[in-house]
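In what follows, a structure is listed as structure tokens, so that the remarks can point back to it.
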Amino acid sequence: MSMPVTTGPRGPRALVSEDEVLTGEAVALDLQPIGLGMRVLGGFIDAVLAWALYLAVLLWGVTSLIDAGILGQETFQIVAIVLLVVCFAVLPITVETLTRGRSLGKLAAGGRIVRTDGGAIGFRHAFIRGLVGVLEVYMSFGGIALLVGVFTPRAQRLGDLVAGTYSERARRPALPPPAPGVPEPLAAWAEIADVARLPDRLDAQVTRFAAGASRMDPNSRARIAAELAGDVRPFVSPVPNVAPELLLEGVAAVRRERDRAALRTERERAAVLGGEDPMTGAPLARQR
């Protein structure tokens, strides 16, 4: 999602909100961060998995090696410390680096770690986050991370502030299905139909009915269609001799197609005035 950006005497200037990122092409990207609650949930899942892995390997793997005589009791503490570093620092850093900011906890919470400019993180960002995370997540039992996250606009923890990252919302709402076109019986009528006089309020009612008619009770659907068609006919010329519901579908489709064509024409005109090719967006050659 993007928003227009104007240029001032000192460079790009836009109405960029706090949750938007201004790219080098002066386009504001709407990159929504996940909330603090979901960040806590994702961090809790990752911490539980790390502790489970550590205890499983320590109690079963290392203890089995000691019982088998492969390791001695004097090396148990050294192995335990090395295993602690691997589970709580090396493994999280490796996972975030290879997955570009994802982990099981972040996937469950619907987020991923990105740079503050919206780009994918690299090893440096994951390394800084991992080292600082040992202090603020594991050594303080998440207290420092929670305290910092409460007072930052993107629910960033201390490691995010140092590394220049935050947790972006990775799950996007599903796009609605494409709106149907003009019904086949009304194709010829749509080319000459005049529906521009339709009031805005009535147009909104027709649009809502056309979008949700399939989910309505058949009796209510027929009654509402007849009432709306009676309100629409005085503003439509010529009036096709079709069923009320088919008339409403045709009117909604014609209005939608013409609004889309008007927006396309306006965009092409603005591109030409701005010195760009309306088809490709490339700068037009300047005439001498």
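FYI, side chains are in, hydrogens and waters are out, and symmetry mates aren't considered; it's all heavy atoms of this structure.
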Would you mind writing out the side-chain donor-acceptor pairs for residues 186-200 within the sub-3.5 Å range, not counting sequence neighbours?
residue, atom, partner, partner atom, Å
W189, NE1, P238, O, 2.7
D194, OD1, A196, N, 3.3
R197, NH2, P234, O, 3.2

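Pairing each heavy atom of R115 with each of Y166, the nearest pair is O-CE2, 3.4 Å. V86 approaches P92 most closely through the heavy-atom pair O-CD, 4.1 Å. Taking every heavy atom of both residues into account, R157 and A145 meet most closely at CB-CB, 4.0 Å. Residue I93 comes nearest to G130 through the heavy atom pair CG1-CA, 3.8 Å, listed as atom of the first residue, atom of the second, then distance. Nearest heavy-atom pair, A163 versus R129, reported as atom, atom and distance to 0.1 Å: CB-CG, 4.0 Å.
A donor-acceptor pair is defined here as one N or O able to donate and one able to accept, closer than 3.5 Å; no such pair exists between the side chain of R169 and the backbone of G111. A donor-acceptor pair is defined here as one N or O able to donate and one able to accept, closer than 3.5 Å; such a pair exists between the side chain of Q156 and the backbone of T165. Listed for the E136 side chain is a donor-acceptor partner under 3.5 Å among the backbone atoms of L158.
More than 12 heavy atoms of other residues, nucleotides or ligands shown are found within 6.0 angstrom of CG on D217.
Scanning for salt bridge (charged side-chain N to carboxylate O under 4.0 Å, His left out) contacts around E245 gives R221, with sequence neighbours left out. Considering only residues two or more places apart in sequence or on other chains, F123 meets the ring pair (Phe, Tyr, Trp, His ring centres under 6.0 Å) condition with F127.
By the 30° and 60° cut-offs, the orientation of the rings of F88 relative to Y138 is perpendicular.
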